[in-house]
Amino acid sequence: MLKELIIGTIEEVVASADTETEYRKPLVGFANANDEEFESLKEIVAPEYKFPTDILANAKSVVAFFIPFAKEVVELNQQQQDCAPEWAIAYHETNVLISQICDSLKNEMDKIGVKVGWESPTYNFDKERLLSFWSHRSAAKICGLGDFGLNQMLISKQGSAGRYGSIVIDRQVIPSQKINKSLCLYYRNGSCGVCVDSCPTGALTKEGLNKDLCYKMCLENDQVFKEKFDRFNDIFDVCGKCQTGPCAYGIPDCTKE
Ligand code: SF4
Ligand code: SF4
């Protein structure tokens, strides 16, 4: 009942979104707030990394969701040499949409006495160390929505082109099954690498991501789009070229396995 209410609310907000960007069907997953993977993130990322209980006292479950961009948005970013304006708009609009989803979930949960907490969809990171102390993507992995690919994005059933959000609630729900196999072609059989080839700066290699180079590219794009889209009064530190490969829309087909 609670799960259905949460899933229905997210689907409803996305279906009625007043955005230029179009979306595919969202995905929703659930995890125990005391899942040991949340603890290990503190060790892997930084001591400041948050537990669900840092977001909501008495946290019992985490809910993560993925809002996948329409295929057309991905294709435009794939085809153009620079980051496509449609991708930048999708980034901005989806961050707003995720905040709307969180507000709607809070309204619905208030009606049945469930408490809700969340971190903002973006700009919740340390700009010096380029670290986020609550990663919606990592929360989504723990909630069974996908697995990380070579592009450092979470590949889900609906691919990696889109944005993730998450909330914490003070009610226990049955956790979703986790994905325990790699969904990235490179990790599965050493093929693909399209994300690395698509990276305009060389920030992404098969050895990992140079966050400084990547962020520099994103800030350059911000300068371009901030002027172009001053009506939105937002930051457009985006690129997303590495999200337009064969894992953009779904789990890529592994024919060489
Ligand atoms: S583009 Fe290919 S190598 Fe890169 S993350 Fe996707 S499947 Fe993996
Ligand atoms: S966002 Fe752009 S610059 Fe950063 S790794 Fe992906 S393709 Fe490279």
Side-chain angles (χ1 to χ4, degrees), residues 21 24 27 66-69 71 73-92 94-95 121-132 135-138 140-141 145-164 179-226 234-257:
T21 307
R24 290 171 290 132
L27 298 175
F66 180 54
I67 314 297
F69 297 162
K71 214 171 171 185
V73 179
V74 185
E75 282 170 351
L76 286 164
N77 204 24
Q78 205 172 43
Q79 289 155 7
Q80 298 184 30
Q81 194 175 348
D82 297 323
C83 178
E86 292 80 1
W87 186 275
I89 289 179
Y91 174 81
H92 157 76
T94 313
N95 286 338
T122 191
Y123 314 125
N124 59 346
F125 68 100
D126 180 326
K127 283 192 179 158
E128 291 298 312
R129 292 185 285 169
L130 299 178
L131 283 180
S132 172
S135 159
H136 300 286
R137 265 182 272 164
S138 296
K141 181 182 185 302
L145 288 187
D147 191 53
F148 283 98
L150 182 61
N151 61 359
Q152 315 266 320
M153 296 293 149
L154 198 72
I155 303 173
S156 72
K157 274 196 302 189
Q158 291 278 47
S160 63
R163 294 200 54 77
Y164 287 90
I179 293 174
N180 292 319
K181 65 168 189 173
S182 182
L183 306 178
C184 165
L185 293 176
Y186 181 74
Y187 290 150
R188 277 156 69 179
N189 61 15
S191 69
C192 191
V194 169
C195 50
V196 168
D197 297 338
S198 313
C199 178
T201 61
L204 185 68
T205 67
K206 287 177 179 166
E207 284 68 51
L209 175 69
N210 181 324
K211 287 186 184 178
D212 292 312
L213 270 183
C214 176
Y215 193 49
K216 189 166 172 275
M217 174 84 257
C218 294
L219 289 179
E220 282 172 23
N221 286 338
D222 177 46
Q223 287 306 311
V224 175
F225 292 123
K226 213 180 334 214
D234 198 3
I235 298 168
F236 292 91
D237 48 352
V238 282
C239 167
K241 294 288 181 188
C242 53
Q243 281 171 271
T244 59
C247 58
Y249 316 117
I251 297 169
D253 196 15
C254 188
T255 52
K256 292 179 189 167
E257 215 166 35

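Just so you know, ligand 1 is whichever comes first in the structure, and atom 1 is the first atom listed for that ligand.
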Can you tell me the protein heavy atom closest to atom 4 (Fe) of ligand 2 and the distance? C214 SG, 2.4 Å
Which residue and atom name correspond to the protein heavy atom nearest atom 7 (S) of ligand 1, and how close is it? L185 N, 3.4 Å
Give the C-alpha distance, both sets of side-chain angles, the deciding distance and a yes or no for side chain to side chain contact (heavy atoms under 4.5 Å, CB included) between K181 and D147. CA-CA 8 Å; K181 65 168 189 173; D147 191 53; over 6 Å; no
Mutual orientation of the aromatic rings belonging to H92 and F236 [parallel < 30°, tilted 30-60°, perpendicular > 60°]: tilted
Those atoms of ligand 1 less than 4.0 Å from some heavy atom in P246: 1 (S)
Side chain, backbone, both or neither: the part of N151 lying under 4.0 Å from ligand 2 by heavy atom: neither
Protein residue, atom and distance nearest to atom 2 (Fe) of ligand 1, heavy-atom basis: C192 SG, 2.2 Å
Please confirm whether C218 comes under 4.0 Å of ligand 2, counting heavy atoms of the residue only. no
Tell me which protein heavy atom sits closest to atom 8 (Fe) of ligand 1, plus the residue, atom name and distance to 0.1 Å. C184 SG, 2.3 Å
Any atoms of ligand 2 less than 4.0 Å from a non-hydrogen atom of T201? List them with their elements. 3 (S)
With a cut-off of under 6.0 Å to the ring centre and 45° to the axis, is K71 in cation-pi contact with Y249? yes
Working to the nearest 0.5 Å, report the span between CZ of F66 and CD1 of I155. 10.5 Å
Any N/O/S atom of C242 sitting less than 2.8 Å from atom 6 (Fe) of ligand 2, backbone or side chain? yes
If I compare all heavy atoms of L183 with all of G146, which pair ends up nearest, and what's the gap? CD1-CA, 4.3 Å
Identify, for atom 3 (S) of ligand 1, the protein heavy atom at the shortest distance, and state residue, atom and that distance. G193 N, 3.3 Å
Heavy-atom closest pair (K206 atom, G193 atom, distance to 0.1 Å) is CE-CA, 4.4 Å
Option among P68, C247, P252 that satisfies the side-chain contact (heavy atoms from CB on, under 4.5 Å) test with S160: C247
What's the spacing between K241 NZ and L204 CG if we round to 0.5 Å? 14.0 Å
Of all heavy-atom pairs between G149 and Y187, which one has the smallest distance, and what is that distance? C-CE1, 3.5 Å
Which of the atoms in ligand 1, numbered in the order shown and given with their element, are less than 4.0 Å from a heavy-atom of C247? 1 (S), 5 (S), 6 (Fe), 7 (S)
Per-atom contacts, ligand 2 versus C199 - under 4.0 Å to a heavy atom: 3 (S), 5 (S), 7 (S), 8 (Fe)
If hydrogens are left out, which of C239, P200, S198, C195 has an atom nearest to atom 1 (S) of ligand 2, that is, the closest non-hydrogen atom? C239
Inspect the surroundings of CD in Q79 and state if more than 12 heavy atoms from other residues, nucleotides or ligands are less than 6.0 Å away. yes
In ligand 2, which numbered atoms sit nearer than 4.0 Å to a non-hydrogen atom of G240? 1 (S)
Which of the atoms of ligand 1 are close to Y186, meaning less than 4.0 Å from one of its heavy atoms? 3 (S)
What protein heavy atom is closest to atom 5 (S) of ligand 2, reported as residue, atom name and distance in Å? L209 CD1, 3.6 Å
